[in-house]
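Beneath this line is the structure, given in C-alpha cells, with notes to follow.
Just so you know, these numbers come straight off a predicted model, no measurement behind them. Values below: every heavy atom of this structure, side chains too, minus hydrogens, waters and symmetry copies.
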Amino acid sequence: MATLATFFKRSDAIGARAERVTAVRAESDPFRLRALPNDDIYLYCKRIDNSRIVRQADPGAGTQCWSAVGAAAIVFMIAASIIAPIVGSVLQGYKIETLKQERQSLLDQQRALAVREAALLSPGRLNDLAKAQHLTSPAANQIVHLDNPSLDGTFAKNQAPVAAGPSPAAPSETRPPGLSRE
C-alpha cells in the first residue's frame, strides 16, 4: 500500500515530467500539434497468393442448391398464382372500359346517321330534288300495285331473256292493261 508521502512524491514526479515535456514542445516548435491517438500504428498490405489452394468438394452443397432452387420455384408459382388473377381482372377492366367507349362512339355515329338519313329522306327534300331534275308524278294508269290479286304473280315472274329477233318459240308476254313498253 502506498502511503500518503509516496503518493505526493509520485504526483510531484508526474508533474515535473509534464512540465519538462511542455517545455521541450515549446522550445522545438510552438505551433506543433500534439500527436494523434494510435499514430504509432503502421498498417500495410501483404500480398497473399491463394492460387495453389484447392477448394474441397462439399457433398451436401448440391443438395442444398437444388433445394433452394426448388423452394424458389414453389414460392414463384404461389406468387404467380396469387398475382395472375389480379392482373387479369385489371386488364379485363381496361378492356371493358375501352369497349364501353367504343359502344358509346358507335351509338353517337348511329344517331348522327339516323338524323342524316331522316334529312335525306324527308318528303320536302325529295320534292325539291324531283323538281330540280324535272320529274313529275306518274299518271294513274302508270301505277301497278303488285299486291293486286288479278295479276296472279305473272307480272313479277322471272323469265329467260328474249333473243334479238322474233323466234317461233318465244314466250308470250302478258302485261296488265294500260302498261306499254317505252
Side-chain angles (χ1 to χ4, degrees), residues 43-182:
L43 301 174
Y44 59 95
C45 184
K46 180 180 179 181
R47 297 240 349 126
I48 300 173
D49 184 18
N50 287 338
S51 63
R52 294 176 287 154
I53 298 175
V54 178
R55 183 176 173 202
Q56 291 182 350
D58 184 11
T63 306
Q64 289 177 354
C65 179
W66 285 111
S67 301
V69 169
I74 290 172
V75 168
F76 176 75
M77 295 296 275
I78 290 172
S81 65
I82 291 172
I83 293 174
I86 296 169
V87 170
S89 65
V90 168
L91 292 177
Q92 291 301 320
Y94 284 134
K95 187 174 182 179
I96 288 171
E97 287 301 317
T98 303
L99 291 174
K100 282 181 182 178
Q101 290 174 355
E102 184 179 351
R103 179 180 182 269
Q104 187 62 38
S105 68
L106 289 174
L107 286 174
D108 293 342
Q109 287 178 0
Q110 184 182 15
R111 287 186 198 114
L113 289 174
V115 168
R116 185 171 178 205
E117 180 185 17
L120 290 175
L121 294 178
S122 68
R125 183 178 176 279
L126 292 177
N127 284 337
D128 292 342
L129 286 174
K131 286 179 184 176
Q133 294 181 4
H134 305 293
L135 299 176
T136 59
S137 298
N141 61 353
Q142 292 178 333
I143 298 175
V144 176
H145 296 283
L146 296 178
D147 58 348
N148 190 354
S150 66
L151 293 177
D152 65 12
T154 58
F155 181 71
K157 187 175 180 182
N158 289 336
Q159 296 178 356
V162 179
S167 67
S172 63
E173 291 185 21
T174 55
R175 292 191 176 270
L179 195 62
S180 62
R181 240 186 196 175
E182 295 180 80

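Partners of Val54 according to the side-chain contact (heavy atoms from CB on, under 4.5 Å) rule, which considers only residues two or more places apart in sequence or in another chain, do not exist here. For Ile143, the side-chain contact (heavy atoms from CB on, under 4.5 Å) criterion is met by Pro138, His145, not counting sequence neighbours.
Screening residues 114-133 for salt bridge (Lys or Arg N to Asp or Glu O under 4.0 Å), with sequence neighbours left out, gives no hits. Residue pairs satisfying the salt bridge (Lys or Arg N to Asp or Glu O under 4.0 Å) criterion with at least one member in residues 47-67, sequence neighbours excluded, are absent. The side chain to side chain donor-acceptor pair (under 3.5 Å) analysis of residues 93-104, with sequence neighbours excluded, yields the pairs Gln104-Asp108.
Across every non-hydrogen atom of Leu126 and Leu121, the tightest pair is CD1-O, 3.8 Å. Between Ser122 and Ala119 the shortest heavy-atom distance is OG-O, 3.2 Å. The two atoms that bring Ala80 and Pro85 nearest to each other are O-CD, 4.5 Å, heavy atoms only.
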Show which side-chain atoms of residues 66-79 pair as donor or acceptor with protein atoms under 3.5 Å away, not counting sequence neighbours.
| unit_1 | atom_1 | unit_2 | atom_2 | d |
| --- | --- | --- | --- | --- |
| Ser67 | OG | Thr63 | O | 2.7 |

